[in-house]
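Report on one structure; see the data block that follows.
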Amino acid sequence: MTHKAIDCLVNVHFGESEKQPSWMLKVRDDYFKGPKSMFEPVELAELLDEMDEQGVQKAILMDSLANPSTTARKFVAAEPERFALAMGGVNLLRPVQPLRELTAVVKGLPVAYAVVGPSFWGDGQYPPSDAVYYPLYAKCAELDLPLCINTGIPGPPIPGDVQHPMHLDRVCVRFPELRLCMIHGADPWWDVAIRLLIKYRNLRLMTSAWSPKRLPESLLHYMRTRGPDKVIYASDWPVLRMRRVVPEALALDVPPEVLDNYLYNNAQAFFFGERQER
């Protein structure tokens, strides 16, 4: 195996809930046509076997301040060289104490990035340009902690306009120190996302929850030309299995050096590079 990868968005917490909300079931059944096993508990050995099989050196596991994942934290403790955490669950309407907790967690655990999905909280009322996000932006910039924000129309039947990437234009202007990454692609606004990537040095895009063979040609052209260091691979496992998406990534029509950046180098630099508190 000549390639290596970092999978920047992996869900091991699904099996911790006895019952999934109806919208999660709808996403599995109607949107991704996923197997019933998507929400079953995950065994560490099973995940490591799939990672090893596909050349995945590290995986970033979703976690939450509001609902900590016992599975994710157990996996990090067992294999600290293979796993890190993505920390969501910050209450942006009452941010002071949650941001203190985020600071403590970042100091105590290997947190690769913080994450927020504008469509998934506050009834989808608050776009990322709203000042309600500003304490989180300031704290992440202070900690030099990358922040990932969902962009593109979401799969569940919830409001999607707040995830238009154009909302990040003012964010990048006002917080140039913030390392910011659009996640879950940017469909149907790929061209807007690409234009923002060209415009702002601190912005990246992650293709989590997107089958590489479904990525638009405009994004592949950008990767081959002006943006070889701007696009980051992720699966959203087990929504999309590594066994599916890594081979699809290897088949993309991009030069080998661009593929290496997409699968590994860009994530290593952006999420695991040296961090300095400001």
Side-chain angles (χ1 to χ4, degrees), residues 8-9 11 20-28 30-32 62-67 86-96 98-99 102 113-141 145-200 202-210 214-216 218-219 230-232 234 236 239:
C8 295
L9 204 163
N11 303 283
Q20 296 292 331
S22 59
W23 64 265
M24 284 287 283
L25 298 176
K26 183 176 178 62
V27 168
R28 179 193 67 187
D30 298 345
Y31 200 73
F32 286 103
M62 293 297 293
D63 198 0
S64 171
L65 289 178
N67 297 291
M87 195 61 57
V90 176
N91 182 353
L92 299 181
L93 299 179
R94 295 289 187 272
V96 174
L99 291 178
L102 178 64
Y113 61 82
V115 60
V116 63
S119 289
F120 292 83
W121 74 276
D123 296 324
Q125 297 182 68
Y126 303 98
S129 54
D130 193 286
V132 74
Y133 290 85
Y134 282 20
L136 177 62
Y137 297 156
K139 177 54 68 174
C140 287
L145 178 69
L147 176 63
C148 291
I149 297 183
N150 293 31
T151 46
I153 294 178
I158 54 179
D161 61 302
V162 291
Q163 295 192 168
H164 195 301
M166 197 63 199
H167 291 300
L168 300 178
D169 188 45
R170 292 182 185 275
V171 178
C172 290
V173 168
R174 292 172 177 169
F175 295 89
E177 305 89 351
L178 176 63
R179 287 194 279 166
L180 189 63
C181 183
M182 299 175 278
I183 63 173
H184 294 343
D187 191 74
W189 305 299
W190 294 101
D191 288 345
V192 174
I194 291 167
R195 184 64 187 87
L196 292 173
L197 289 168
I198 293 170
K199 185 177 181 182
Y200 296 111
N202 59 322
L203 187 62
R204 301 293 187 274
L205 182 142
M206 185 192 298
T207 62
S208 48
W210 272 85
R214 306 291 186 195
L215 294 174
S218 58
L219 184 69
K230 287 297 196 82
V231 183
I232 295 170
D236 202 20
V239 177

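Side chains are part of it too, since the values below use all heavy atoms of this structure and drop only hydrogens, waters and symmetry mates. Index from 1, following the sequence.
- Asp191 CG to Leu219 CG: the interatomic distance, rounded to the nearest 0.5 Å, is 9.5 Å.
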Could you please spell out the steps behind the side chain to side chain contact (heavy atoms under 4.5 Å, CB included) verdict for Gln125 and Asp130? CA-CA 10 Å; Gln125 297 182 68; Asp130 193 286; over 6 Å; no
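- When atom types are taken as modelled, the side chain of Thr151 and the backbone of Gly185 share a donor-acceptor pair closer than 3.5 angstrom.
- Going from atom SG of Cys8 over to atom CE of Met62 covers 12.0 Å, rounded to the nearest 0.5 Å.
- Scanning for ring-ring contact (aromatic ring centres under 6.0 Å, His included) contacts around His164 gives Trp189, with sequence neighbours left out.
- Here Tyr137 contributes atom OH and Leu180 contributes atom CG; the two are 7.0 Å apart, rounded to the nearest 0.5 Å.
- Taking the side-chain contact (heavy atoms from CB on, under 4.5 Å) definition, one finds that Ala193 meets it with Pro165, Met182, Ala186, Leu205, sequence neighbours left out.
- Annotation for Gly160 and Ser119: closest pair CA-OG, 3.7 Å, computed over non-hydrogen atoms.
- Listed here is the closest heavy atom pair of Tyr133 and Pro127: CE1-O, 3.0 Å.
- Taking CG of Leu203 as the reference point, atom CD1 of Ile198 lies at 11.0 Å (rounded to 0.5 Å).
- Using a 4.5 Å heavy-atom threshold, the side chains of Ser218 and Ile194 count as touching.
- The shortest side-chain heavy-atom distance between Pro118 and Ile149 falls under the 4.5 Å cut-off.
- Val162 places none of its side-chain heavy atoms less than 4.5 Å from the side chain of Tyr126.
- Asn202 places a side-chain N or O within 3.5 Å of a backbone atom of Leu178 that can act as its donor or acceptor partner.
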Does Asp187 form a side chain to side chain contact (heavy atoms under 4.5 Å, CB included) with Ile153? I'd like the steps, not just the answer. CA-CA 6 Å; Asp187 191 74; Ile153 294 178; 5.9 Å; no
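- In this structure, Leu136 and Leu102 have side chains that are in contact, with non-hydrogen atoms separated by less than 4.5 Å.
- For Tyr134 against Arg174, the heavy-atom pair with the smallest separation is OH-NH1, 2.6 Å.
- Residues Val116 and Val90 form no side-chain contact, since every pair of their non-hydrogen atoms from C-beta on lies 4.5 Å or further apart.
- Taking CG of Leu147 as the reference point, atom CE of Met87 lies at 13.0 Å (rounded to 0.5 Å).
- Between Pro159 and Gly124, the shortest heavy-atom contact is CB-O, 4.3 Å.
- Between the Lys139 side chain and the Leu99 main chain, no donor and acceptor come within less than 3.5 Å of each other.
- In this structure, CE in Met206 is found 4.0 Å from OH in Tyr113, a value given to the nearest 0.5 Å.
- Residues passing the side chain to side chain donor-acceptor pair (under 3.5 Å) test with Asp169, sequence neighbours excluded: Lys199, Tyr200.
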